[in-house]
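Please read these numbers as outputs of a predicted model, since none were measured by experiment. The sequence lines fix the lettering, A, B, ..., with proteins before strands; numbering per chain opens at 1.
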Amino acid sequence: MEHDDKLPTSSSHTVSLLVENKPGVLHRIAGLFSRRGYNIASLTVGPTERPEYSRMTIVVRLSSKTVEQVVRQVQKLVPVVEVRELSPVDLVERELLLVKIRTPEKNHAELRALAETYEAKIVDVSPDALVIEASGNAGKLDALEDRLAQYGIQELCRSGRIALERGFKTLAPPNLK
Amino acid sequence: MAKEKTTGAKAVVKALEAEGVEWVFGVPGGAILPIYDALFDSRTVKHVLVRHEQTGAHAAEGFAHATGKVGVCFGTSGPGATNLVTGIADAYMDSVPMVAITGNVSSSLIGSDAFQEADITGITMPITKHNWLVTDVKDLPRILKEAFYIARTGRPGPVLVDIPKDIQNAEFEFEYPDSVNIPGYHPPVREEPRLKDAAALIRASSRPVIYLGGGVRTSGAYDEVAQFVELVGAPVVTTVHGKGALPESHPQCLGMFGMHGAKFTNYTVQDADLIIALGARFDDRVTGKLSTFAPEAKIVHLDVDPAEISKLVTATVPLVGDLKLLLPQLTEQTRKAFAASGRADIAPWWIKVSAWREKHPLHHAPQGDQFIEPQHVIERIWEKTQGKALVTTGVGKHQMFAAQYWKTIWPRQFITSGGLGTMGFCLPAAIGVQLGKPDALVIGIDGDGSFQMTLQDLATAVDLKLNIKIFILNNLFLGMVHQWQDLFYEKRLSETPLSDLPDLVKLAEAYSCLGLRARKPSELEDVLDRALAHKGGPVIVDIRTRPDAHVYPMVPAGAPLNDMIDGE
Ligand SMILES: Cc1ncc(C[n+]2csc(CCOP(=O)(O)OP(=O)(O)O)c2C)c(N)n1
Ligand SMILES: [Mg+2]
């Protein structure tokens, strides 16, 4: 018989959920994660193409086996219509980053150039500060953050991940298609 | 059903009627008054006024356990609702179908810390299959329909519907739906069940074991299990909720395994090369230390709840589905596999198992003339009733003695709090069981500690003139904790001795029912006979048992399953 390793090798997994858009759903899902000891790296929730459903994207750092267990437990929640782990090679993922840099005006040009390399935008300018907006996958935003660090990051916030599978596949189960 | 103008409260009662509910257990209060007022007019739904909502929830569980139907309980807002929590949690752990209905303060007051307001949907979220706070009376019929449906289908469990008072009073056009449509429920099973793979494992196994859990009871797959067991010919072991899934007198049945399983039963499980788990969940009370559990066994795991598959023990072949539908298919596949390519010889396995059975049976201290041995009491009650009684228990040593020595004949005969281990379960459950099975002999095997947690509902049993017989194995201890202190805490008996209170015979009399006592072995037979013969209401029997009679064998928590302490 095989056994669960006590210290599984964990990696980042993207779990996508289609849930009924009703009060308390976020509470049910967050509660399930916390009581079963599944740590959430990030969670986003927002509307979908159908007003009665919301889409949640949850990033967890767990072993693949535990993620399977997460999916099965989440599927049991009544307002969860569908849940699946998205294959990392087969998905389009985005996060959004906003960074405020406190820096004298003389550096602005340099920052503008840097932002351009990362397809980022300067969305607010004042004499001694800039706000930069960037979107992309986690790796790209991490790299941008690193580059900006030397200018002095005053404030930073990053959204959780949102993701869709490539191709024509959708998350909705057959009875909803 | 035709539409008719009615109130939310009346709609609740109409829904209960439509669901065929016979008994509801509860206590009224301000926030649920409209529903109680509506109940006053019902001709089919009868209400049992319990003295504590926890009892109401356990009685609903007892009723559901005994009948397989949904148990229903009521509570008012705030403390009424929170008193239900233990019973709801118990039902959740043991997959008991239950609908709990609570009143709440009016919608406009919710969130304002109003008098007797509690966020009971928030509180019960982790211990219900689902719950609802009703915000629009028009949703009420659909929600109630869904509530009953979810409680009883799939892996059954408790649900809670919280109804603010203004919603109970609101008027609307009532129509009870015929069917439910819940997009997120009943997820389609994705994989085809790998029946051929399972059958191949069974065919090749020379040391198979069949492991039956509470899922057999919830699916009602007794005949299907019996046919499978006969075909495979393997030793059968059960959990405490699997007791009765196959009569324990069946020659292949080795009884309960786990922390207090017989040695020969645990040895058999540990040495298996294949474990076929049917409606069971590899709880830590049965596996012992997980990493040493049945080291050579492959696992075929059949369960209706996909989340149980490979949760603790990785299934070699998972089979997700209802036992009643899937097991006959597995039997058929196995029959084909046997016919096509023969099977491994399991005769040597049986020789080994039988030798263990002979050498390491369950045993206890012989009944002397000084102390009454608790195990002996169970054996005597069994013999006197020929095992033809429905049994409920409290939680502790008496519960495990009952599990070991009450040889269960029928399904749904042995009713206990397994998953949550709730002291106080015995008497309330016995009330629900007797109402569900009015003609059955209902016996409680209780502990002195457990009994005192819900004894106030003796009044309810007397009100209803229930002939339940509660045998209290009175060791003047919180005995199971005492046992752990004796074994693992250097006999430091911190807070486990119980004073000899109350006088249980006088207590029974105070409740206008029969109280009996046996202090010495010489008094036992007569007291048991009188209790069993008594008609006209409950009997409380105070049986003084040897305080240091502990439950053996015992697998210490965290030890391997075959590493058992054998005390006597
Ligand atoms: C509500 C609750 N509180 C505490 C416990 C912990 N506990 C488990 S067994 C036990 C002692 C039970 O005593 P008694 O009912 O007299 O049974 P005995 O073990 O003596 O047969 C206790 C306190 C529990 N299971 N349930
Ligand atoms: Mg005791």
Side-chain angles (χ1 to χ4, degrees), chain A residues 1-8 17-38 48 50-56 62-85 169 171-177, chain B residues 119 121-133 135 139 146-147 149-150 154-155 157 159 180-190 270 272-275 282 287 289-299 301 303-316 318 320:
Chain A
M1 195 204 84
E2 302 149 58
H3 297 283
D4 266 311
D5 292 331
K6 271 286 154 247
L7 286 170
L17 290 75
L18 204 59
V19 303
E20 286 190 72
N21 186 5
K22 285 187 178 158
V25 175
L26 181 59
H27 182 181
R28 283 176 207 280
I29 288 161
L32 176 84
F33 275 74
S34 84
R35 77 175 173 273
R36 295 208 177 257
Y38 311 138
T48 67
R50 274 176 277 238
E52 51 307 3
Y53 300 109
S54 307
R55 179 110 173 191
M56 269 187 210
L62 295 166
S63 70
S64 306
K65 226 174 132 182
T66 314
V67 174
E68 252 178 59
Q69 196 56 36
V70 170
V71 168
R72 290 184 176 146
Q73 291 289 353
V74 170
Q75 182 80 75
K76 277 170 70 168
L77 297 174
V78 173
V80 174
V81 174
E82 185 60 298
V83 47
R84 198 156 359 117
E85 186 195 345
K169 272 189 289 181
L171 196 58
N175 56 331
L176 288 188
K177 278 176 188 164
Chain B
D119 173 16
T121 45
I123 290 170
T124 58
M125 215 170 258
I127 53 167
T128 49
K129 270 185 90 171
H130 193 55
N131 63 21
W132 297 259
L133 169 63
T135 53
D139 296 335
E146 290 179 2
Y149 182 77
I150 289 174
R155 178 178 180 174
V159 298
V180 296
N181 174 23
I182 317 167
Y185 193 63
H186 271 327
V189 177
R190 275 187 249 272
Q270 271 307 83
D273 68 356
L274 176 68
I275 293 177
F282 295 91
T287 60
K289 186 177 177 187
L290 202 57
S291 60
T292 59
F293 176 68
E296 288 170 29
K298 296 202 163 73
I299 308 284
H301 192 175
D303 203 281
V304 71
D305 181 357
E308 285 302 340
I309 306 283
S310 300
K311 182 179 84 175
L312 293 162
V313 169
T314 305
T316 320
V320 178

Item to check | Any A/Lys65 side-chain heavy atom under 4.5 Å of B/Thr314 side chain | outcome: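 Yes, their side chains come closer than 4.5 Å.
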Checklist entry - Given side chains that start at C-beta, do those of B/Lys311 and A/Gln73 come closer than 4.5 Å, heavy atoms only? => result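 B/Lys311 reaches A/Gln73 side chain to side chain.
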Please flag which part of [X] lies under 4.5 Å from any non-hydrogen atom of chain B: side chain, backbone, both or neither.
X: A/Gln69; value: side chain
X: A/Leu77; value: backbone
X: A/Val80; value: backbone

Checklist entry - Would a distance-only check, ignoring hydrogens and angles, find a side-chain to backbone donor-acceptor pair under 3.5 Å from A/Arg72 to B/Asp305? => result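 Answer holds: no.
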Item to check | Exam field: side chain A/Glu20 to backbone B/Gly184, donor-acceptor pair closer than 3.5 Å | outcome: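 Between the backbone of B/Gly184 and the side chain of A/Glu20 there is no qualifying donor-acceptor contact (under 3.5 Å).
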Item to check | Gap between atom CG of B/Asp119 and atom NE2 of A/His27 - 0.5 Å precision | outcome: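 One gets 7.0 Å once the value is rounded to the nearest 0.5 Å.
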Checklist entry - Do you know the tightest heavy-atom contact between B/Ala307 and A/Lys76? => result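 Of all heavy-atom pairs spanning B/Ala307 and A/Lys76, the closest is CB-CD, 3.6 Å.
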Next on the checklist: Please determine whether side chain to side chain contact (heavy atoms under 4.5 Å, CB included) holds for the pair B/His130 and A/Arg28, giving the CA-CA distance in whole Å, both sets of side-chain angles, and the decisive distance to 0.1 Å.
Outcome noted: CA-CA 9 Å; B/His130 193 55; A/Arg28 283 176 207 280; 3.5 Å; yes
Item to check | chain A contacts, top residue of B/Thr121, B/Ile182, B/Ile309 (heavy-atom pairs, under 4.5 Å) | outcome: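 That would be B/Ile309.
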